Amino acid sequence: MFIRIYNILICIMYPLVIRGYIKKRQEKGKEDIKRANERIGRPKIKRPEGKLVWLHGASVGESVSMLPLINRLLENYPDLNIMVTTGTMTSAEVMAKRLPERAFHQYIPIDNPLFTKRFLKHWQPDVALWFESEFWPAMLSSIKKRHIPLILINGRISNKTFKRWQQFDFISKELLSCFTFCLGQSEEDAYRLRVLGAKNATCLGNLKYAGLPLPIDKEKKEEILAQIGERPFWLASSTHNDEELRIAKMHKKLQKQFPNLLTIIVPRHPQRGTEIQKQLQDIGIKSALRSAGETISADTNIYIGDTIGEMGIWYDISPITFIGGSLIPHGGQNFIEPSRMRNAVLVGPHMHNFSDVVNRSKKADALIQVLDTEELSENLSQLLSNKELLEARRSLAYNWAVSEAKVLDGIVEKVKGYI
């Protein structure tokens, strides 16, 4: 009943409200105007012949986590084609660079039953693998009506989401009934999915443990290392608004002990680069902006890596990485990639989006969690001044990440019966 009412309301609201909202997003550069047809379920490319597996994820994190599964499926099934859908321009750019042959990207249509039906009629996927924690009623119900097997992969239900859905369990039960079965990131996620109405929910592990190595442009890497020279440096990755300013103030204090220190900041949203540089300028910090072609000079205090597709370079060169989204109540970002690339990894107090993996890594002494920038500064000071401690921390992080990367086999085994 909920989905039926939702679909009716969406059809009424689209011409009145939603279409105008999408147009404003286009004007602000948040929608890909050249591919706007995909957002209304009118793709310009034909469906490939044979079996088609469809994988959907919200943005960069989910789409990147798909890559190991995509590669394994294409290896196992030579005649298979894979379609990946996401909703953001950044994820589309990343996928364009990283998807292998026989895999392609499309934008997910706006959640309107007219568009979702049109989308499914064109593509006719044999199975849908859903990597997103948001459940779009129009799309899920359209999938169910066409009897397409729908599998939730790496499902995560946060504390906040769980409490909210429990208040409206009649909605969650209707939405989760659209899934053939659900795979939770953790045992806790699988339990919550069952409580909320999933008929078949289990945990095989977190697919992010099995991530592929990030791409590294060796020429660019060598250029950056040459600019850094012998300077001590560390990386603040996936930072959010307000974190950069806190890190910059902390950098000033650390400079008293390490006068030649370089801090590299890679914001979660690259388009914020100019805004961050202005904030740093206001407090007397000399910075350089990578997107503007600026290089690291002797007087550069903070280098802002506001580009897309270069995360592999930063993790590869940096011995120490702090993961953003954790000094503020955002919930943290993925810290498994730098761990896998032998970084000593630090996070702030707000890691509730990754509570299970944080607990697992802390048990292995593979992660340093701090309460605030004062504790972050103290730990950075120790790591920068003690080579033996730094090497031990890097090894612990790497060994833990490698040992956790066995989940892919279990997921492929579970999914193959539907391909």
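These numbers come from a predicted model, not from an experiment. FYI, side chains are in, hydrogens and waters are out, and symmetry mates aren't considered; it's all heavy atoms of this structure.
- Scanning for side chain to side chain contact (heavy atoms under 4.5 Å, CB included) contacts around Glu337 gives Val64, Leu214, Tyr315, Asn334, Arg340, with sequence neighbours left out.
- Partners of Lys387 according to the salt bridge (charged side-chain N to carboxylate O under 4.0 Å, His left out) rule, which considers only residues two or more places apart in sequence or in another chain, do not exist here.
- Remark: Asp316 engages Lys221 in a salt bridge (charged side-chain N to carboxylate O under 4.0 Å, His left out) (not counting sequence neighbours).
- A salt bridge between Arg156 and Asp356 is absent, with no side-chain N of the basic residue lying under 4.0 Å from a carboxylate O of the acidic one.
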Using a 3.5 Å cut-off and no angle test, enumerate the donor-acceptor pairs between side-chain atoms of residues 179-197 and protein atoms at least two apart in sequence or in another chain.
{"residue": "Thr180", "atom": "OG1", "partner": "Leu150", "partner atom": "N", "Å": "3.0"}
{"residue": "Thr180", "atom": "OG1", "partner": "Leu150", "partner atom": "O", "Å": "3.4"}
{"residue": "Gln185", "atom": "OE1", "partner": "Asn206", "partner atom": "ND2", "Å": "3.2"}
{"residue": "Gln185", "atom": "NE2", "partner": "Asn154", "partner atom": "O", "Å": "3.3"}
{"residue": "Ser186", "atom": "OG", "partner": "Glu188", "partner atom": "N", "Å": "3.4"}
{"residue": "Ser186", "atom": "OG", "partner": "Asp189", "partner atom": "N", "Å": "3.1"}
{"residue": "Ser186", "atom": "OG", "partner": "Asp189", "partner atom": "OD2", "Å": "2.8"}
{"residue": "Glu188", "atom": "OE2", "partner": "Arg192", "partner atom": "NE", "Å": "3.2"}
{"residue": "Glu188", "atom": "OE2", "partner": "Arg192", "partner atom": "NH2", "Å": "3.4"}
{"residue": "Asp189", "atom": "OD1", "partner": "Ile157", "partner atom": "N", "Å": "2.9"}
{"residue": "Asp189", "atom": "OD2", "partner": "Ser186", "partner atom": "N", "Å": "3.3"}
{"residue": "Arg192", "atom": "NH1", "partner": "Ile157", "partner atom": "O", "Å": "2.7"}
{"residue": "Arg192", "atom": "NH1", "partner": "Asn159", "partner atom": "OD1", "Å": "3.1"}
{"residue": "Arg192", "atom": "NH2", "partner": "Asn159", "partner atom": "OD1", "Å": "2.2"}
{"residue": "Arg194", "atom": "NH1", "partner": "Ala201", "partner atom": "O", "Å": "2.8"}

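- Residue pairs satisfying the salt bridge (charged side-chain N to carboxylate O under 4.0 Å, His left out) criterion with at least one member in residues 170-183, sequence neighbours excluded, are listed as follows: Asp169-Lys173.
- Every side chain to side chain contact (heavy atoms under 4.5 Å, CB included) that Glu388 has, sequence neighbours left out, goes to Asn386.
- Every salt bridge (charged side-chain N to carboxylate O under 4.0 Å, His left out) that Glu31 has, sequence neighbours left out, goes to Arg25, Arg39.
- Evaluation of the side chain to side chain contact (heavy atoms under 4.5 Å, CB included) rule for Ala138 yields Tyr6, Asn7, Asp111, Pro113, Thr116 as partners, not counting sequence neighbours.
- Applying the salt bridge (charged side-chain N to carboxylate O under 4.0 Å, His left out) test to residues at least two apart or on different chains, the pairs with a partner in residues 273-292 are Arg272-Glu275, Lys278-Asp282, Arg290-Glu310.
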Please tabulate, for side-chain N and O atoms in residues 395-402, each donor-acceptor pair with protein atoms closer than 3.5 Å (sequence neighbours left out).
{"residue": "Ser395", "atom": "OG", "partner": "Arg342", "partner atom": "NH2", "Å": "3.2"}
{"residue": "Ser395", "atom": "OG", "partner": "Glu391", "partner atom": "O", "Å": "3.1"}
{"residue": "Asn399", "atom": "ND2", "partner": "Ser395", "partner atom": "O", "Å": "3.2"}

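- The side chain to side chain contact (heavy atoms under 4.5 Å, CB included) check on Ile5 picks up Met1, Leu9, with sequence neighbours excluded.
- A salt bridge is absent between Arg246 and Asp372: the closest approach of a Lys/Arg side-chain nitrogen to an acidic carboxylate oxygen does not fall below 4.0 angstrom.
- Scored by the ring pair (Phe, Tyr, Trp, His ring centres under 6.0 Å) test, Trp234 finds no partners at all (sequence neighbours excluded).
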